[in-house]
Amino acid sequence: MSLSPQPRRLWRDVILFDGLQVQPTPMTVLVEGGQVAGLWPQGAFDERLAVGASESGRGGVMTPGLVDCHTHLVYAGNRAAEFEQRLEGVSYSEIAQAGGGILSTVRATRAASEEQLIVASLPRLDALLADGVTTLEIKSGYGLTVADELKMLRVARRLGELRPVRVLTTLLGAHALPPEYAGRADDYISLVCEEMIPAAAAEGLADAVDVFCEGIAFSPAQCERVFQAAQRHGLAIKAHAEQLSNLGGSALAARYGALSADHIEYLDEAGVQALAAAGTVAVLLPGAFHCLRETQLPPIDLLRQYGVPMALASDANPGTSPICMPTLMANLACSLFRLTPREALAGMTAHAARALGRPDLGRIEVGAPADLCLWDVQQPAELAYAVQPGRLRQRIFNGAISYRKEATSHAR
């Protein structure tokens, strides 16, 4: 949904996190025509510029609108029973090999109509918006036929029309081997490359193509075929890689200029170097790490050493991260992965936008789209420090206030 931007809006005395760092003094922010029109430190604003501007807020912390760069938001059914199984000692791999996991969601999603998927997905989307998201990626991957993958992508596009949010879509046909292709993984990859990707590209339904490079999914050689097909059709490349083992999927994706490699718990130094050389973003998914009770930490120190941007996302999905609260991810990234609050916030804004190929988003700078959040906190670190719904005072999308807390509130 695209809101008509308000002509001029003014926020005063906000503590500003611009997407990469906290500004040292309170700021005045002017928005006009859907863009950030001006930024001034306290005491430097020319009051003549306030003429005709709506005074929209004072105090609190302002950040870019949050960018959730990895979600599986569109699906039917749930996997609560598998949650119980894992707690009883059955591993994620064992569940998948027994026909559960991703394939159980595939069965439910194939059986659902587009309208049913919209109804099921909207509450999850609304939860993300209530926690400050203004841009998100939605992957397919629970259809695994040409028709069902396109169905999911159409639903994802439709969600972006029904709510004030920017939705980018990713075709994840190579997510799991469907049961009808058991023992014929290469044939299924041929379907993805020769029919699925061309159809999604022809209908303009996908911004990128993703793969799951893992022992329980697809080999590096099979994923490379998908990358080559994506390139032929002008689609960006992403990868689920090094989540459960090190197959070299991240380095492979980097060689093809991937926007991001996601999960990466088992990534080694050679893989980190490949990401750095290619400018590929490392997307951390602490929700899945938490829910699966993993113990292999991503190589955070190596990523810092080589200057690889670290994005942070919810991985909202029915099996391994049924969580639609990005600020919780900031807390988990700090507590589990030892990110600093500044790194976590940058991972949810500037670096997450870069992981989607949209470096114009996730920043507060003159000329940038006015996707902003105003929070009822005293300092940005509080957003990672505490797990607390209801701190969002205003959500600004394309210069228009799409959410405003009803009760009068003040930064605490």
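The first residue in the sequence is number 1, and the count goes up from there.
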Would you mind reporting whether [Y] and [X] have side-chain heavy atoms less than 4.5 Å apart?
X	Y	answer
Ser402	Val165	no
Asp186	Gln222	yes
Pro341	Pro380	no
Leu356	Leu361	no
Leu235	Leu171	no
Pro326	Leu128	yes
Pro299	Glu269	no
Val226	Cys193	yes

Can you tell me how far apart [atom1] ([X]) and [atom2] ([Y]) are? Round to the nearest 0.5 Å.
X	Y	atom1	atom2	value
Leu136	Leu125	CG	CG	6.0 Å
Thr71	Ile323	OG1	CD1	13.5 Å
Glu32	Arg8	CD	CZ	5.0 Å
Thr280	Arg255	OG1	CZ	11.5 Å
Leu66	Leu129	CG	CG	10.0 Å
Arg354	Cys69	CZ	SG	12.5 Å

Point to revise | Flag if over 12 foreign heavy atoms under 6.0 Å of OH, Tyr385 | key: no
Point to revise | Tyr256 OH: over 12 foreign heavy atoms closer than 6.0 Å | key: yes
Taking atom types as modelled, is there a side-chain donor on [X] or [Y] under 3.5 Å from an acceptor on the other?
X	Y	answer
His70	His240	yes
Gln394	Trp11	yes
Glu214	Ser245	yes
Thr170	Lys139	no
Arg110	Thr145	no

Review point. Can you list every pair that meets salt bridge (Lys or Arg N to Asp or Glu O under 4.0 Å) and has a residue in residues 81-98, with sequence neighbours left out?
Key: Arg79-Glu82
Determine whether a donor-acceptor pair (N or O, by modelled atom type, separation under 3.5 Å) exists between the side chain of [X] and the backbone of [Y].
X	Y	answer
Thr109	Ala76	yes
Glu242	Gly249	yes
Thr169	Leu205	yes
Lys238	Ala355	yes
Arg363	Pro64	no
Ser321	Ser314	yes
Asp371	Pro369	no
Tyr306	Ala274	no
Lys151	Ala112	yes
Arg391	Gln388	yes

Practice item. Decide yes or no on salt bridge (charged side-chain N to carboxylate O under 4.0 Å, His left out) for Glu343 and Arg304, but give the supporting numbers first. Key: CA-CA 10 Å; Glu343 287 174 325; Arg304 288 173 177 147; 2.8 Å; yes
Compare every heavy atom of [Y] with every heavy atom of [X], then report the nearest pair and how far apart it is.
X	Y	answer
Gly19	Ala350	O-CB, 3.3 Å
Lys405	Leu392	CE-O, 3.3 Å
Tyr181	Leu191	OH-CD2, 3.8 Å
Ala176	Ile102	CB-CG2, 3.7 Å
Ala330	Leu383	CB-O, 4.4 Å
Ser121	Leu73	OG-O, 3.5 Å

Practice item. Show your reasoning for whether side chain to side chain contact (heavy atoms under 4.5 Å, CB included) applies to Val67 and Thr349. Key: CA-CA 5 Å; Val67 178; Thr349 53; 5.5 Å; no
**Study point:** side chain to side chain contact (heavy atoms under 4.5 Å, CB included) assessment of Gln378 paired with Ile15
**Key:** CA-CA 8 Å; Gln378 292 180 326; Ile15 302 299; over 6 Å; no
Exercise for review: Test salt bridge (charged side-chain N to carboxylate O under 4.0 Å, His left out) on Asp207 and Arg157 and set out the steps.
Suggested key: CA-CA 11 Å; Asp207 300 299; Arg157 291 280 202 224; 3.1 Å; yes
Practice item. Would you list the pairs meeting side chain to side chain donor-acceptor pair (under 3.5 Å) in which at least one residue belongs to residues 329-338, sequence neighbours left out? Key: none
Exercise for review: Give the C-alpha distance, both sets of side-chain angles, the deciding distance and a yes or no for salt bridge (charged side-chain N to carboxylate O under 4.0 Å, His left out) between Arg154 and Glu203.
Suggested key: CA-CA 10 Å; Arg154 281 193 295 270; Glu203 294 191 32; 3.7 Å; yes
Check your understanding: Run the side chain to side chain contact (heavy atoms under 4.5 Å, CB included) check on Arg342 and Phe17 step by step: do they pass?
Key -> CA-CA 9 Å; Arg342 185 197 63 79; Phe17 177 80; 4.0 Å; yes
Practice item. Only one of His72, Glu149, His175 passes side-chain hydrogen bond (donor to acceptor under 3.5 Å, both in side chains) with Ser140; say which it is. Key: Glu149
Check your understanding: For the residue pair Tyr75 and Tyr142, does the interplanar ring angle fall in the parallel (under 30°), tilted (30 to 60°) or perpendicular (over 60°) class?
Key -> perpendicular
Point to revise | Residue pair Val387, Thr327: steps toward the side chain to side chain contact (heavy atoms under 4.5 Å, CB included) verdict | key: CA-CA 7 Å; Val387 180; Thr327 55; over 6 Å; no
